[in-house]
Each structure stands twice: as C-alpha cells, then as structure tokens.
Amino acid sequence: MRVGFIGDIVGRVGRNAVSNNLKYFINKFELDFVVANAENASGGFGLTSTNAIELFESGIDVITGGNHSFDKKDSIELMSKMPIIRPYNHFAGVFGKGVANITKNGKSISVINLMGNYSMPHCNNAFLEVESALKECMSDNILIDFHAEATSEKNAFFHHLCGRITAIFGTHTHVGTDDLQILNSTAYVSDVGLSGAFDGVIGMDKEAPIKAFLTGLKHSFKVNEKARTIFQMIVFECEDGKCVDAFKIRLIDSIDEVQIQRALHF
Ligand code: FE2
C-alpha cells in the first residue's frame, strides 16, 4: 500500500500547487491514500469550507491541522462533516477528533495529529497522549502528523515511538529537512516542508517579517502570491504496518523537473 503525505499547504499558491499536481502523482505512484496538513491553506491562517472541498476534490483523503485549526469560523462545522482532524492533545472539551480511521478499496490507514509542546499553544503532553491516541487506531498502518516547532522535540518523539508506528512526519516550520529515513520500519522526517510560495518567508510575503525583525513591531503577514511555487510530498510504502520504502517528491513550478530524494534506510 502506498501513501502520500503533504506538509503545510500555504494559501492559494499552495492550493494551486496541490490541485495542479496531486492527481498526476496519485496516478504515477499508484497512491492508495493522501493525507495533508491544511491549517494554513486559506490566506495562510486556517481553512474555509470552500477551500476544504477544493482540496478533497484534488485527491486528499484526510486533512490534519495544528495551531491554526480553529482560525476560521466554520472550522467546527467542517470538522463535524469532513475527514478533518485537529491535534489530539488539545485539552478536554475542545471540539473535534485527533484520530481518523479511513478505509478504501479494502485498504486502511489510521492518522493521528498531535501538536508539540515547545513554543506552541498550551496543550497536553504529546509524548503521553499518543498512547491513548494509538488505542483509537483501527488500522495497523499508522501515520502521525507531529505539528511542532523544535526539531529536537520531533527527533525525540520519533525515537520514542520508532518501531511502533508506520510513519511519523513533522509539520509546522514550513521548511523541509533532509533527514528522511526509515529506522526499524518507521519512516520519519523532521519537517516535510510547505507546498506554496518558495521565495517568501515560510510561504508568506517577505516584506512584513523583515520589517518585524527590523523594528520589533508586529506587521500583518500576507501570503506571497507572485513567487515561484513549490510542491512537496512524502510517498511511503507499507506492508502490515511496517514502512518498507519512502521518498520525497519536490517540484518547483514545472512538472518536468521533479526531484526525488530517497529515504535513508537502516
Ligand atoms: Fe502550524
């Protein structure tokens, strides 16, 4: 069984990167499921219903989130109607689910969304909460989107769970890391990297963040609309819950220049 995972989709540029390219890669690599983090898909903050429908129509099966899961007013209604999850380790009483169990054509996958604790909104301890999330998984094939800031926290999380999970992929920083690997049958990368504007500052127009660093004052961020576009996706293959192969697809602007990075396999 083969699965695609797309990191943070940022704004219209990111949605277009997905709608222009995903179906091609689903066919090319015969993907059974596609999971994507879309908490930044609408204007860089949150996800609207129109944009959620657009992403599902592009071929995504499950949408994960993070610190921006509740930014848009229709998020709660969306989560109740569509396969959209938010971090499992939110405090009790927060709407939504942190685990999705999906079955298609006789194949299944369970997706867990968790948020890190370093430099992120207050939430329960991800390292402890993952144990109860695992009890809700109905498939042996388990993918975790660990939405976190610190590479050290993501790395420790991977080694803590290595051998028990099919794939653990980091999201949130928007900058892809080059540590894609398979260790003890678990695929891991610290951050998948964004799909969206390649030239800006983490997918946003670069002027506002530069001004913010120069002055120490807040400036409102906008999605970079004029930039080169990057589409990034991890593809992994699994058998009975064990990852046997993984690689990353990277594409800037044109479908003719697809770059493939194979996972280190230990
Ligand atoms: Fe985030």
Side-chain angles (χ1 to χ4, degrees), residues 5-15 17-18 35-48 51-52 55 60 62-76 78-79 84-91 94-100 111-127 129-130 133 143-155 157-158 168-177 188-198 200-206 208-209 212 218 220-224 230-234:
F5 181 77
I6 304 169
D8 304 66
I9 299 166
V10 182
R12 187 188 330 176
V13 185
R15 297 195 312 273
V18 170
V35 180
N37 186 300
E39 63 147 19
N40 303 118
S42 300
F45 304 94
L47 177 66
T48 63
N51 296 159
L55 290 174
I60 291 166
V62 179
I63 286 178
T64 56
N67 51 311
H68 293 293
S69 281
F70 294 94
D71 282 9
K72 296 283 191 259
K73 62 177 183 334
D74 42 357
S75 359
I76 290 179
L78 269 182
M79 284 182 207
I84 301 175
I85 55 175
R86 47 73 169 164
Y88 184 88
N89 50 333
H90 270 300
F91 296 136
V94 172
F95 188 85
K97 291 189 178 132
V99 177
V111 183
I112 300 175
N113 191 187
L114 281 155
M115 188 151 63
N117 294 98
Y118 174 78
S119 193
M120 294 296 273
H122 295 299
C123 57
N124 292 316
N125 185 323
F127 285 66
E129 289 292 300
V130 68
L143 161 62
I144 300 181
D145 171 357
F146 190 36
H147 197 76
E149 181 73 41
T151 307
S152 54
E153 187 180 9
K154 296 183 203 184
N155 232 226
F157 187 79
F158 161 55
I168 300 171
F169 298 133
T171 56
H172 177 67
T173 71
H174 295 194
V175 178
T177 57
Y188 170 76
V189 71
S190 295
D191 208 293
V192 177
L194 67 84
S195 283
F198 181 67
V201 173
I202 61 167
M204 310 301 273
D205 196 24
K206 58 192 168 197
K218 275 194 174 177
S220 55
F221 287 23
K222 281 191 306 227
V223 174
N224 190 334
I230 187 165
F231 174 79
Q232 317 193 65
M233 177 167 70
I234 307 286

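Throughout, numbering of the chain's residues begins at 1 and tracks the sequence. Just so you know, ligand 1 is whichever comes first in the structure, and atom 1 is the first atom listed for that ligand.
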Check your understanding: Could you go step by step and tell me if Ser69 and Met79 meet the side chain to side chain contact (heavy atoms under 4.5 Å, CB included) rule?
Key -> CA-CA 10 Å; Ser69 281; Met79 284 182 207; 4.1 Å; yes
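Here Phe5 pairs with Phe169 under the ring pair (Phe, Tyr, Trp, His ring centres under 6.0 Å) rule; sequence neighbours left out. Under the side chain to side chain contact (heavy atoms under 4.5 Å, CB included) criterion, Ala208 pairs with His219, Phe221, sequence neighbours left out. Annotation: side chain to side chain contact (heavy atoms under 4.5 Å, CB included) contacts of Thr177 (sequence neighbours excluded): Asp179, Val189, Ser190, Asp191.
With waters neither drawn nor counted, the protein N/O/S atoms under 2.8 Å from the Fe ion (ligand 1) amount to 4.
Results of the side chain to side chain donor-acceptor pair (under 3.5 Å) test with His172 over Asn67, Asn40, Asp145 single out Asn67 as the only residue that passes.
The aromatic rings of Phe146 and Phe157 lie parallel to each other, their planes meeting at an angle below 30°, with 60° marking the opposite boundary.
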